Amino acid sequence: MKGVFRKNIIHFKEVESTNLLALSMMKENTTSLPFVITTDFQTLGKGQLSNKWESENEKNLLISIAINIDIKIENQFILNIISSLSVLDLLEDLNLENLFVKWPNDILVGKRKIAGILIQNKLLSDTIKSTVIGIGLNINQSKFTNFKRETTSVKNENITNLSLSEISDKLLELLEFRFSKSDNKNWKDYFEKLYLKDKVAPFEIEGKKQMGIIRKVNKTGELVLETEDSIRNFQMKEIEFLI
């Protein structure tokens, strides 16, 4: 797989969404997989669920990687893990510290969000046959809209302007590296970086604040939370982090 993600990189000045464009190109079968789309600006940047992704023009890495894959649907969370770890590897390479992955795949510096990941799969029966991995990584932007979670960037963390093309190339290299690792190794590394793991923290569950302890993420990608009276599994829309 070495170098395969970097063989067909297509750059646009502006698109609605790199993920939406990649999915459209896959549907129309206009470009052979794998291919990578990058852009300077998204007019309709997408995050998880209905969330919007904010990014100033030519300031941040906006990238979608479209690849063939062969993964049973019950194992699909490994794609979140591999993608998250590739971003963490990149940020560690840039000498950032105090890095975490907030389940399922937001990347934090301390408690501040620096990157988000959106994975969209194409299925055949019970198997994922292709996927688009969309990554938004804040690089050179310094000011952000106020969201529930404070946002940061590489520039805000180490005051360095970076080449987006070099960052893109390094990320693709590290994504290939993570795909080459065993699932067990990637799961282990993901757990080591899991935000709030084994710590008492507040969450919103069914509209109510409740204290709990994240114990793990199970193989199907559900968050396993220990509360005062039970251990429960949650899907993404069923629980909200309050810190």
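Positions are given from 1, in the same order as the sequence printed here. Predicted model, so just to flag it, every value in this text is computed and none were measured.
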task: Assess whether side chain to side chain donor-acceptor pair (under 3.5 Å) is satisfied between Thr18 and Gln42, documenting all intermediate values.
output: CA-CA 7 Å; Thr18 56; Gln42 292 183 132; 3.3 Å; yes
- request: Evaluate the criterion side-chain contact (heavy atoms from CB on, under 4.5 Å) for residue pair Val217 and Leu194; output intermediate values, then yes/no.
  value: CA-CA 9 Å; Val217 177; Leu194 190 59; 4.0 Å; yes
- prompt: Is there a side-chain contact between Thr227 and Gln210, using heavy atoms and a 4.5 Å cut-off?
  reply: yes
statement: All heavy atoms of Phe100 vs all of Gly110, minimum pair found to be CD1-O, 3.7 Å
field: Thr131 and Asn121 side chains, donor-acceptor separation under 3.5 Å
entry: yes
Name of the residue among Ile37, Ile10, Val132 meeting side-chain contact (heavy atoms from CB on, under 4.5 Å) with Leu21: Ile37
task: Identify the two heavy atoms, one from Ile82 and one from Arg178, that lie closest to each other, and give their separation to 0.1 Å.
output: CG2-CB, 3.7 Å
statement: Separation between CD (Glu157) and CD1 (Ile114), nearest 0.5 Å, reads 6.0 Å
task: In plain terms, say whether Glu238 and Arg232 are close enough for a salt bridge, that is, a side-chain N and a carboxylate O under 4.0 Å apart.
output: no
- prompt: Under 4.0 Å between a Lys/Arg side-chain N and an Asp/Glu carboxylate O for Lys209 and Glu204?
  reply: no
query: Is there a chain of hydrophobic side chains (I, L, V, M, F, W, Y, each step under 4.5 Å between heavy atoms) that links Met25 to Leu118?
result: no
query: Would you say Trp103 and Ile214 make side-chain contact, with heavy atoms under 4.5 Å?
result: no
- request: List the steps, then state whether side chain to side chain donor-acceptor pair (under 3.5 Å) holds for Ser64 with Asn19.
  value: CA-CA 6 Å; Ser64 291; Asn19 263 38; 2.5 Å; yes
field: Side-chain donor or acceptor of Ser83 paired with backbone N/O of Leu79 under 3.5 Å
entry: yes
message: Can you confirm whether the side chains of Ser165 and Ser168 place a donor and an acceptor under 3.5 Å from each other?
response: no
- prompt: Nearest 0.5 Å, what's the OG-CE distance between Ser32 and Met26?
  reply: 12.0 Å
query: CG/Asn80 to CG/Leu85 distance, rounded to the nearest 0.5 angstrom?
result: 10.5 Å
- request: Answer yes or no: is there a donor N or O on one side and an acceptor on the other, between the side chain of Asn140 and the main chain of Leu162, under 3.5 Å?
  value: yes
Interatomic spacing from NZ in Lys170 to CG in Leu175 - rounded to 0.5 Å: 13.0 Å
- prompt: So, Asn60 versus Ser55: side-chain donor-acceptor pair below 3.5 Å or not?
  reply: yes
query: Hey, are the side chains of Asp70 and Lys129 touching, using non-hydrogen atoms and a 4.5 Å cut-off?
result: yes
Ile243 to Ala201 - nearest heavy-atom pair and separation: CD1-CB, 4.0 Å
statement: Rounded to the nearest 0.5 Å, the CD1 atom of Ile9 sits from the CD1 atom of Ile63 at a distance of 6.5 Å
field: Residue pair Phe179 / Ile78, side-chain heavy-atom distance below 4.5 Å
entry: no
- prompt: Considering all heavy atoms of both residues, which atom of Gly212 and which atom of Phe203 are nearest to each other, and what is their separation?
  reply: O-CE1, 3.6 Å
- prompt: Ion pair present between Lys193 and Glu92, side-chain N to carboxylate O less than 4.0 angstrom?
  reply: yes
message: With a sphere of 6.0 Å drawn around CD of Glu74, does it hold more than 12 non-hydrogen atoms of other residues, nucleotides or ligands?
response: yes
query: Between CG of Leu33 and CD1 of Ile65, what distance do you get to the nearest 0.5 Å?
result: 12.0 Å
field: Joint cluster assignment, Leu223 & Ile205, ILVMFWY side-chain distance < 4.5 Å
entry: yes
message: Taking CD in Glu228 as the centre, count heavy atoms belonging to other residues, nucleotides or ligands within less than 6.0 Å. Is the count above 12?
response: no
Worked check of side-chain contact (heavy atoms from CB on, under 4.5 Å) between Val154 and Thr160: CA-CA 7 Å; Val154 173; Thr160 302; 5.8 Å; no
query: Should Leu225 and Met211 be counted in the same cluster of Ile, Leu, Val, Met, Phe, Trp and Tyr side chains packed under 4.5 Å apart?
result: no
- prompt: Is it true that a side-chain atom of Thr39 and a backbone atom of Phe41 form a donor plus acceptor pair closer than 3.5 Å?
  reply: yes
query: If every non-hydrogen atom of Gln76 is compared with every non-hydrogen atom of Ile128, which pair is closest and at what distance?
result: CB-CD1, 3.3 Å
field: ILVMFWY cluster, Val109 and Ile117 together (side-chain gap under 4.5 Å)
entry: yes
Charged tip of Lys219 within 45° of Trp187 ring normal and under 6.0 Å: yes
task: Could you check if a side-chain atom of Asp40 sits within less than 4.5 angstrom of a side-chain atom of Lys59, using non-hydrogen atoms only?
output: no
- request: Apply the test side-chain contact (heavy atoms from CB on, under 4.5 Å) to residues Asp126 and Lys72: give CA-CA distance (whole Å), side-chain angles for both, the deciding distance (0.1 Å), then the verdict.
  value: CA-CA 6 Å; Asp126 63 346; Lys72 291 294 183 181; 3.4 Å; yes
task: Please confirm whether the backbone N or O of Ser130 pairs with a side-chain atom of Asn68, one donor and one acceptor, at under 3.5 Å?
output: no
- prompt: Does NZ or CZ of Lys102 fall inside the cone over Phe241's six-membered ring, less than 6.0 Å from its centre and within 45° of the axis?
  reply: yes
- prompt: Looking at side-chain heavy atoms only, is the closest gap between Lys155 and Gln141 below 4.5 Å?
  reply: no
task: Verify, without hydrogens or angle tests, whether Gln235 (side chain) and Glu222 (backbone) share a donor-acceptor contact under 3.5 angstrom.
output: no
query: With distance as the sole test, does Asn138 use its side chain to make a donor-acceptor pair with the main-chain N or O of Thr152 at under 3.5 Å?
result: yes
field: Side-chain ion pair, Lys197 and Glu192, N-O less than 4.0 Å
entry: no
- request: Report the C-alpha separation of Asp89 and Phe177 in whole Å, then their side-chain angles, then the decisive distance to 0.1 Å, and conclude whether the side-chain contact (heavy atoms from CB on, under 4.5 Å) test is met.
  value: CA-CA 10 Å; Asp89 292 340; Phe177 168 78; 4.1 Å; yes
task: Find out whether Val36 and Arg6 are in side-chain contact, i.e. whether some heavy atom of one side chain is under 4.5 Å from a heavy atom of the other.
output: no
- prompt: Side-chain contact, heavy-atom cut-off 4.5 Å: Leu171 with Leu61?
  reply: yes
message: With a sphere of 6.0 Å drawn around NZ of Lys111, does it hold more than 12 non-hydrogen atoms of other residues, nucleotides or ligands?
response: no
- request: State, to 0.1 Å, how close Phe35 and Ala22 come at their nearest heavy-atom pair, and which atoms those are.
  value: CZ-O, 3.7 Å
- request: For the residue pair Asn218 and Thr220, confirm or rule out a side-chain donor-acceptor distance under 3.5 Å.
  value: yes
- prompt: Using a distance-only test with no angle check, is there a side-chain donor-acceptor pair under 3.5 angstrom linking Ser84 and Asn105?
  reply: no
query: With the 4.5 Å side-chain cut-off for hydrophobic clustering, are Ile107 and Leu196 part of the same group?
result: yes
